[in-house]
Q: 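One structure is given below, represented as structure tokens, and several questions about it will come after.
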Amino acid sequence: MRIATWNVNSIGARLERVLAWLELHQPDVLALQELKCTDAAFPLMEIQALGYEVATWGTGRWNGVALLSKVGLSDVTIGLTDQPEYEGALEPRAIGATCNGVRVWSVYVPNGREPDHDHYSYKLEWFAALQATVDAEMKASPALPLAIIGDFNVAPSDDDVWDIAKFENSTHVTPAERAALISLQSIGLVDHLPRALKGAPYTFWDYRQAAFGRGWGMRIDLVYANAPFEAAITDCWIDREERKGKGASDHAPVVVDMEASA
DNA sequence: ATGGCTAAACCTTTTAGA
């Protein structure tokens, strides 16, 4: 079974690449982030034509998450329990479903913008809601393989950015953000490190300043797995190739290969 | 061999991304 996550930075702009990637790598489950479209505008027919069931939560210009599966898609959960709002709106940043006996959450954690910004405190509150939601699920079904996959918008360690000196007074590397990840680990989740096919294990390279060509990347798209999920993993890798060329997302897919489950 | 932003909407500027 192959499960992948990919922040596509607009499913509309990325559709041809996504379809080609699905055909090439044949994931059983794909978690998407930053759809940047409404549920009604999601290219459902094109994805279904490749054999996938689809669950989406998108409200328009910003955010948006989805789960695609060709091994079943049940118990779909839209959003987190007691998910915090931002400026009065419940943003589409988390969707969960059970696929072939595996619980998968596709998440797009708030960016935070600046450490003293309201968006930053929102980010930390959002992490707390994510943890509470998943903790309750794991307590209800301890043997069920579960993983949170997606764009966490936090680099877990200094080694997960190309130059930590460039991140003074910026989000993604602050102690409080990293503490949110450590807290997720405290409830039984493991940050499963992907194998870097080439170079550093980054998953994001900014569009600006030719960041990709310079190797200015970050590992912020993460796989947080519980023990049953972790035990089934046989490989985990970053498809850096997908970041290349015209029309790429600024994030690369992260792929998890695992033993087939029930 | 990878390339100096990109995308969507409030659309000729603004907002957000990280």
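Computed from a predicted structure; not experimentally measured. The sequence lines fix the lettering, A, B, ..., with proteins before strands; numbering per chain opens at 1.
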Q: Distance between the C1' atoms of B:dA16 and B:dC10, in whole angstroms?
A: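 It comes out at 14 Å once rounded to the nearest Å.
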Q: Please lay out, stage by stage, how A:His119 and A:Tyr86 fare under the test ring pair (Phe, Tyr, Trp, His ring centres under 6.0 Å).
A: CA-CA 8 Å; A:His119 210 257; A:Tyr86 185 70; 4.7 Å; yes
Q: Measure OH/A:Tyr122 against P/B:dA18 and give the value in whole Å, please.
A: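 My rounded result for the distance is 13 Å.
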Q: Measure distances between side-chain N and O atoms of A:Arg208 and base N and O atoms of B:dG17, and say whether any donor-acceptor pair falls under 3.5 Å.
A: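 Checked by distance alone, the answer is yes.
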Q: Do A:Asn111 and B:dA18 share a donor-acceptor pair, side chain to base, under 3.5 Å?
A: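 Looking at the base of B:dA18, it does pair with a donor or acceptor on the side chain of A:Asn111 (distance under 3.5 Å).
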Q: What nucleic acid atoms does A:Tyr108 come within less than 4.0 Å of, heavy atoms only: base, sugar-phosphate, or nothing?
A: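 Contact class for A:Tyr108: sugar-phosphate only.
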Q: Remember a base hit wins even if backbone is also touched, and classify A:Arg240 as base, sugar-phosphate or nothing at under 4.0 Å, heavy atoms.
A: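 If one applies the 4.0 Å heavy-atom cut-off, A:Arg240 turns out to touch nothing in the nucleic acid.
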Q: Does a side-chain N or O from A:Arg214 land closer than 4.0 Å to OP1 or OP2 of B:dG3, or not?
A: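 No, because none of the side-chain N or O atoms of A:Arg214 sits under 4.0 Å from OP1 or OP2 of B:dG3.
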Q: Kindly say if A:Arg61 contacts the phosphate of B:dT15, meaning a side-chain N or O under 4.0 Å from OP1 or OP2.
A: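 So the side chain of A:Arg61 is outside the cut-off, no N or O lying under 4.0 Å from OP1 or OP2 of B:dT15.
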Q: If only side-chain N and O atoms of A:His251 are considered, is one of them under 4.0 Å from the OP1 or OP2 phosphate oxygen of B:dG17?
A: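 Answer no for this pair, as no side-chain N or O of A:His251 is under 4.0 Å from OP1 or OP2.
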Q: B:dT2 phosphate, OP1 or OP2: any side-chain N/O from A:Lys244 under 4.0 angstrom?
A: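 Yes, such a contact exists.
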Q: What's A:Asp221 touching, base or sugar-phosphate or nothing? Going by heavy atoms closer than 4.0 Å.
A: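 Result for A:Asp221 = nothing.
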Q: Could you tell me how far B:dT6 sits from B:dT2 if I compare only their P atoms? Round to whole Å.
A: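 Here B:dT2 and B:dT6 have their P atoms 16 Å from each other.
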Q: Can you find a heavy atom in the side chain of A:Ile149 that is under 4.5 Å from one in the side chain of A:Tyr224?
A: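 No - every pair of side-chain heavy atoms lies 4.5 Å or more apart.
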Q: What is the distance, to the nearest angstrom, from the CD atom on A:Glu34 to the P atom on B:dC5?
A: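 To the nearest whole Å, that distance equals 18 Å.
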Q: Please work out if A:Phe204 contacts a base, only the sugar-phosphate, or nothing of the nucleic acid, heavy-atom cut-off 4.0 Å.
A: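 It contacts sugar-phosphate atoms only.
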Q: Side-chain N or O of A:Asn153 versus OP1/OP2 of B:dA18: is the shortest distance under 4.0 Å?
A: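 Answer yes for this pair, as a side-chain N or O of A:Asn153 is under 4.0 Å from OP1 or OP2.
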Q: Assign A:His117 to base, sugar-phosphate, or nothing according to its heavy-atom contacts below 4.0 angstrom with the strands shown.
A: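 A:His117: no heavy atom of the nucleic acid under 4.0 Å.
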Q: Ignoring hydrogens and angles, state whether a donor on the side chain of A:Asp257 or A:Thr234 is under 3.5 Å from an acceptor on the partner side chain.
A: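 There is no such pair (donor and acceptor under 3.5 Å, judged by atom type) between the side chains of A:Asp257 and A:Thr234.
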Q: Assuming nearest nucleotide by heavy-atom distance, tell me which of A:Gly112 and A:Ala248 is located more 5' along DNA chain B.
A: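 That would be A:Ala248.
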Q: Just N and O in the side chain of A:Tyr86: are any of them under 4.0 Å from OP1 or OP2 of B:dA16?
A: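 It does not, given that no N or O in the side chain of A:Tyr86 lies less than 4.0 Å from OP1 or OP2 of B:dA16.
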Q: What's the gap between B:dG3 and B:dA7 when it is taken at their P atoms, as a whole Å value?
A: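 Comparing P positions in B:dG3 and B:dA7 gives a spacing of 14 Å.
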Q: How long is the line joining NZ of A:Lys246 and P of B:dA7, in whole Å?
A: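 About 8 Å, once rounded to whole Å.
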Q: Could you report the tightest heavy-atom contact between A:Thr203 and A:Ile220, atom names first, then the distance?
A: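 Looks like OG1-N, 3.2 Å.
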Q: On DNA chain B, does the nearest nucleotide to A:Arg243 precede the nearest nucleotide to A:Asp250 from the 5' side, or the other way round? Give the residue.
A: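 Final value for this comparison: A:Arg243.
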Q: Flag the pair A:Trp237 / A:His25 as yes when their ring centroid distance falls below 6.0 Å, and as no otherwise.
A: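 For A:Trp237 and A:His25, the ring centres are under 6.0 Å apart.
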Q: Taking the six-membered ring of A:Phe212, is NZ or CZ of A:Arg243 closer than 6.0 Å to its centre and within 45° of its axis?
A: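 Yes, A:Arg243 lies over the aromatic ring of A:Phe212.
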Q: Among B:dG17, B:dA18, B:dA8, which nucleotide has an atom closest to any side-chain atom of A:Arg113?
A: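 Nucleotide nearest to A:Arg113's side chain: B:dG17.
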Q: Looking at B:dA8, I'd like to know if its phosphate oxygens (OP1 or OP2) sit under 4.0 Å from a side-chain N or O belonging to A:Ser10.
A: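 A:Ser10 to B:dA8 OP1/OP2: side-chain N or O found under 4.0 Å.
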Q: I'd like the P distance from B:dT12 over to B:dA18, given in whole Å.
A: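 Going atom to atom, P in each nucleotide, I get 26 Å.
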